[in-house]
Chemist: 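Please find one structure pasted underneath; my questions will follow.
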Amino acid sequence: MATSVLRFLGPRGGASALASSATHRCATASYWPINNAATKAISANNLLLQSCSSRFFSSSEDLDAIKRRNIGISAHIDSGKTTLTERILFYTGRIKAIHDVRGKDGVGAKMDSMDLEREKGITIQSAATFCRWKDSHINIIDTPGHVDFTIEVERALRVLDGGILVLCGVSGVQSQSLTVDRQMKRYNVPRLAFINKLDRQGSNPTKVINDLRNQLKLNASQVQIPIGLEDNHLGVVDLIKNKSYTFDGERGETIVEGKVPDDMKDMVEEKRMELIEKLADVDDEIGELFLMEEEPTEDQLKEAIRRQTIACKFVPVFMGSAFKNKGVQPLLDGVLDYLPEPSEKANYALDRSKDEAEVQVSCSKDDPLLALAFKLEETQFGQLTYMRIYQGMLKKGNQIHNVNDGKKIKLARIVRMHSNDMEEIDEAHAGDVVAMFGIDCRSMDTFSDGDMNLAMSSMFVPEPVMSLAVKPAETKMQNNFAKALTKFTKEDPTLRVKVDSETKETVLSGMGELHLEVYIERMKREYNVEVVSGQPNVNYKETIAARAEFDWLHKKQSGGSGQYAKVSGYIEPMTEEEIKELGKPNEFKNKCIGTNIPPEYYPSCEKGMRDAMHEGSLVGCEVEGIRVVLQDGASHAVDSSDMAFRICMANAIRETMKTAQPSVLEPVMTVEVEIPSEFQGAVTASLSKRMGMIQSSDMNDDGSGLKLEAQVPLANMFGYSTELRSLTQGKGEFTMEYFKHTPVPRQTQDELMDKYKLERLEKEAAA
């Protein structure tokens, strides 16, 4: 088989490093045959060395001439996101050595800069970096895979123009893959899929592609097929170019290009036809060629894939093994070929002067600045604000203002982030992702330098599902404890802190056990605060199942002007579809006719409804899924007031709920358990014991492993990690994510109500 080889020199210091980084950057630009004439070899080396001069970034560089890509790397936990990012940084010359994710070599992956991340082997905070591949500047955000830190994925996808969805070649689509898919669809993010870990036993890319089509409902088709699987995985065949690529050398730095192996030609033809058929379903040009039975050219295929990927109608699927250094460079080529530049993805701002009408952002550096602060981080130098520039430009020394609060700020420092390292720059243009110091703002604030009244839309923030009472172990730690909570809640919108009005306890709420555990550990490490925590509490909710009418009079006279208000109407349950369409858990409707209730008291009635929703009558939890309709009432010329109607409405709803078939709702989690098949019986019995409903059971092709999916009440999941390790001799793993709130069994509801009544009696006695 005739082959040509591009041999990398490998990262070294000095001039070698420059040549190496240039070689990395040109990895798939051209492949130089090893038996070329000496003159051609010299020309090649000169070309590489000339390109070194533009390898490193400077503020004087012509930023307009640079092509950009802003991408996020997202996946289920332990699918290889950070490992993939590490290889990308190595092949683009940003780092000189590859390190292990878990930090076993004492260094750890570049993008996992926190000690906690390196110890646990997981990503906790999203980390930004940038690199150069060929003629393009790529901003990359590596995101966490654990559901407890899903807000980091949310905020990254809110501001990025494209994404790489990494999937495990063995497990395929997993629970967090579904969550990431929903987030990408929410923000219309074009994506590539990368099937990773094809070197592992049981890897099956065909199954993964079927998962993409059936579970995620994506029009996905592979643009590569692997050469061998498991221990025999050597490289990939490009279905568009009809060439094979294998990856030799210590770090996969030598790419060998060759012909398609003879024993794979039939499969290549079959998969190429499948690719064309999938494209023909969504692309008119390829569809016409398909109907005329004409073969599309390489350029036609690439252009069609790019068009439909940017339109979110097609997902090209790449293959490889990041850990074994295979398939990463072609994936980088795919990022440039198929994902959009910032100007190619439509972004919209909200015109606050026109009832938040949508206005398309121009992505031109000559227009007034429009930038969004999407992530905050406290550092030793003060608050570091990550900013995505949608139009206009940021320039050191210029003045900008916060559209949300009107504050003016002078730009003192602008930096590009490389994990926890910074590179100072003088200016940044539309499409860039940068960070700045000296800005006091909140997450999702919009900045401008003109007199526009435009604001970028915010992001979706899920509600916490678990709470924990926390306090410092010693009184002298109180100040640092308060500072830590202030910092963490500013950084993470899903972390909530409140002080219980009756017990005066500080209650920390988050997305799960690991989420809260990490922040408690960070208090200890970063602020030297030992935290004492109570038992975790599940965030129950209350609702009703039937309509009930109210006619409530609030009358209080104690000398002088008193309080008088009367309201009548009804409450009724809302369906899940109505809640989703409305965008909030409860609804207030005013159907009053006439002036029995003066119009100025309508807002007070709505506030009273919100008061009642804040604390239900059964167990004192938040109320959701209720529509309150106000129909009539009465007022007094002297004694009626805003407070009177607010109290009247709140009491009316609380009492009426008791007659509307009230129930308590508990959070139910989707639990995904991966175990060796011999432990199936014990693990299934354990989930059933915890009131879990098995949804699916998927055996690996070789029968060695099993993936169980169940829906289990969160209250029954405490301590499950210890039990699973015990049942499977430490071989089992599980992940869980919030599914929805469902009614608790009657016995559990009675127990919760008795506990709530007892707590109230104890508090009243203590008072």
Side-chain angles (χ1 to χ4, degrees), residues 76-77 146-148 150 171-182 207 211 214-217 462-466 511-515 536-543 545 573 575-577 579-580 618-619 621 624-625 661-700 705-728 731-752:
H76 185 84
I77 188 170
H146 200 288
V147 65
D148 286 18
T150 190
S171 303
V173 170
Q174 298 166 277
S175 58
Q176 185 66 4
S177 311
L178 294 163
T179 303
V180 170
D181 174 64
R182 285 196 297 270
K207 171 188 172 295
D211 285 350
N214 299 327
Q215 293 190 43
L216 303 186
K217 309 300 181 188
E463 288 296 315
V465 297
M466 188 179 292
M511 301 305 296
E513 277 184 287
L514 181 62
H515 190 211
N537 291 319
V538 173
N539 285 3
Y540 292 101
K541 294 185 178 181
E542 298 181 29
T543 191
T575 64
E576 287 185 19
E577 291 74 19
I579 295 172
K580 188 174 181 180
L618 295 181
V619 293
C621 295
E624 72 168 22
Q661 299 179 25
S663 61
V664 178
L665 306 176
E666 65 179 345
V668 172
M669 312 299 284
T670 297
V671 179
E672 199 171 85
V673 188
E674 294 190 32
I675 53 170
S677 53
E678 64 263 29
F679 302 113
Q680 179 178 2
V683 172
T684 303
S686 170
L687 289 170
S688 299
K689 185 179 173 184
R690 292 173 180 267
M691 305 295 291
M693 300 288 290
I694 305 293
Q695 301 298 309
S696 66
S697 176
D698 188 11
M699 185 82 72
N700 285 358
L706 183 74
K707 181 167 74 174
L708 291 170
E709 186 179 297
Q711 291 171 1
V712 191
L714 176 59
N716 299 339
M717 286 302 296
F718 296 123
Y720 183 64
S721 56
T722 305
E723 182 181 353
L724 182 63
R725 281 195 295 268
S726 174
L727 290 172
T728 61
K731 299 175 183 176
E733 296 178 349
F734 86 98
T735 57
M736 65 178 183
E737 68 170 335
Y738 172 74
F739 176 53
K740 66 177 181 179
H741 273 72
T742 60
V744 301
R746 187 68 197 182
Q747 180 183 350
T748 306
Q749 179 167 315
D750 291 340
E751 289 172 359
L752 290 170

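Computation of the quantities below employed the complete heavy-atom set of this structure, encompassing side-chain atoms and omitting hydrogens, waters and symmetry-equivalent molecules. Just so you know, residue 1 is the first one in the sequence shown, and it goes up from there.
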Chemist: Ignoring hydrogens, what is the shortest heavy-atom contact between Met699 and Gly705? Give both atom names and the distance.
Modeler: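 Nearest heavy atoms, Met699 then Gly705: SD-O, 3.4 Å.
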Chemist: Identify the residue among Leu727, Thr684, Thr728 that makes a side-chain contact (heavy atoms from CB on, under 4.5 Å) with Ile675.
Modeler: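 For Ile675, the side-chain contact (heavy atoms from CB on, under 4.5 Å) check succeeds only for Thr728.
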Chemist: Side-chain contact, heavy-atom cut-off 4.5 Å: Leu178 with Glu672?
Modeler: no
Chemist: Taking only residues two or more places apart in sequence or in another chain, which ones pass ring pair (Phe, Tyr, Trp, His ring centres under 6.0 Å) with His515?
Modeler: Phe149, Tyr519
Chemist: Give the minimum heavy-atom separation between Ser697 and Leu706, together with the two atoms involved.
Modeler: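 Here Ser697 and Leu706 meet closest at OG-CD1, 3.3 Å.
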Chemist: How long is the span from the CD atom in Gln174 to the OG1 atom in Thr670, to the nearest 0.5 Å?
Modeler: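 Here the rounded value is 13.5 Å.
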Chemist: Specify the closest pair of heavy atoms between Arg690 and Phe718, including all atoms of both residues, with the distance to one decimal.
Modeler: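 Reported closest heavy-atom pair: NH1-O, 3.4 Å.
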Chemist: Does the side chain of Tyr540 reach to within under 4.5 Å of the side chain of Leu618, using non-hydrogen atoms?
Modeler: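 Contact flag for Tyr540/Leu618 side chains = no.
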Chemist: Roughly how far, to the nearest 0.5 Å, is CD of Glu513 from OH of Tyr720?
Modeler: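 Between Tyr720 OH and Glu513 CD, I get 13.0 Å after rounding to 0.5 Å.
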Chemist: Check whether any side-chain heavy atom of Leu216 sits under 4.5 Å from a side-chain heavy atom of Asp211, and report yes or no.
Modeler: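 Leu216 does not reach Asp211 side chain to side chain.
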Chemist: With a 3.5 Å distance limit and no angle check, can you tell me whether Asn539 reaches the backbone of Pro464 through a side-chain donor-acceptor pair?
Modeler: yes
Chemist: Counting only N and O atoms by type, is there a donor-acceptor contact under 3.5 Å from the side chain of Glu542 to the main-chain atoms of Val619?
Modeler: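 Pair found, side chain donor or acceptor close to backbone of Val619.
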Chemist: If we only count heavy atoms from C-beta on, is the Phe739 to Gln695 side-chain gap below 4.5 Å?
Modeler: no
Chemist: Show the numbers, then the answer: is there a side-chain contact (heavy atoms from CB on, under 4.5 Å) between Val668 and Met693?
Modeler: CA-CA 10 Å; Val668 172; Met693 300 288 290; over 6 Å; no
Chemist: Report the residues that fulfil ring pair (Phe, Tyr, Trp, His ring centres under 6.0 Å) with Tyr738, sequence neighbours left out, ordered by chain and then residue number.
Modeler: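 Counting only residues at least two positions away or on another chain, Tyr738 forms a ring pair (Phe, Tyr, Trp, His ring centres under 6.0 Å) with His741.
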Chemist: Working to the nearest 0.5 Å, report the span between NZ of Lys541 and OG1 of Thr742.
Modeler: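 Output value for this atom pair is 12.0 Å.
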Chemist: Within the 4.5 Å heavy-atom criterion, are Leu714 and Glu666 side-chain neighbours or not?
Modeler: no
Chemist: Flag the pair Phe679 / Val673 as yes when at least one side-chain heavy-atom distance between them is below 4.5 Å, and no otherwise.
Modeler: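 They are not in contact (no side-chain heavy atoms under 4.5 Å apart), so the answer is no.
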Chemist: Atom CG of Leu687 and atom CD1 of Ile694: how far apart are they, to the nearest 0.5 Å?
Modeler: 4.5 Å
Chemist: Rounded to the nearest 0.5 Å, what separates atom CG in Asn716 from atom NZ in Lys689?
Modeler: 11.0 Å
Chemist: Start with the C-alpha gap between Asp698 and Lys207, add the side-chain angles, then the distance that decides, and say whether side-chain contact (heavy atoms from CB on, under 4.5 Å) holds.
Modeler: CA-CA 11 Å; Asp698 188 11; Lys207 171 188 172 295; 3.4 Å; yes
Chemist: Checking Glu709 side chain against Lys707 main chain: does a donor-acceptor pair fall under 3.5 Å?
Modeler: no
Chemist: List in chain and number order the residues that pass side chain to side chain donor-acceptor pair (under 3.5 Å) with Ser171, two or more places apart in sequence or in another chain; answer none if no residue qualifies.
Modeler: Glu674
Chemist: Would you name the heavy atoms of Ser177 and Gly172 that are closest together and state the gap between them?
Modeler: OG-O, 4.2 Å
Chemist: If you compare all heavy atoms of Leu665 against all heavy atoms of Pro743, which two are closest, and at what distance to 0.1 Å?
Modeler: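 Scanning both residues completely, I find the closest heavy atoms to be CD2-N, 3.5 Å.
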Chemist: If you measure from CD on Gln680 to CD on Glu678, what distance do you get to the nearest 0.5 Å?
Modeler: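 The CD atom of Gln680 sits 10.5 Å away from the CD atom of Glu678.
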Chemist: Quick one: are Thr543 and Pro573 in side-chain contact, heavy atoms under 4.5 Å?
Modeler: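 Side-chain contact under 4.5 Å: no.
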Chemist: Is any side-chain heavy atom of Gln176 closer than 4.5 Å to one of Ile77?
Modeler: no
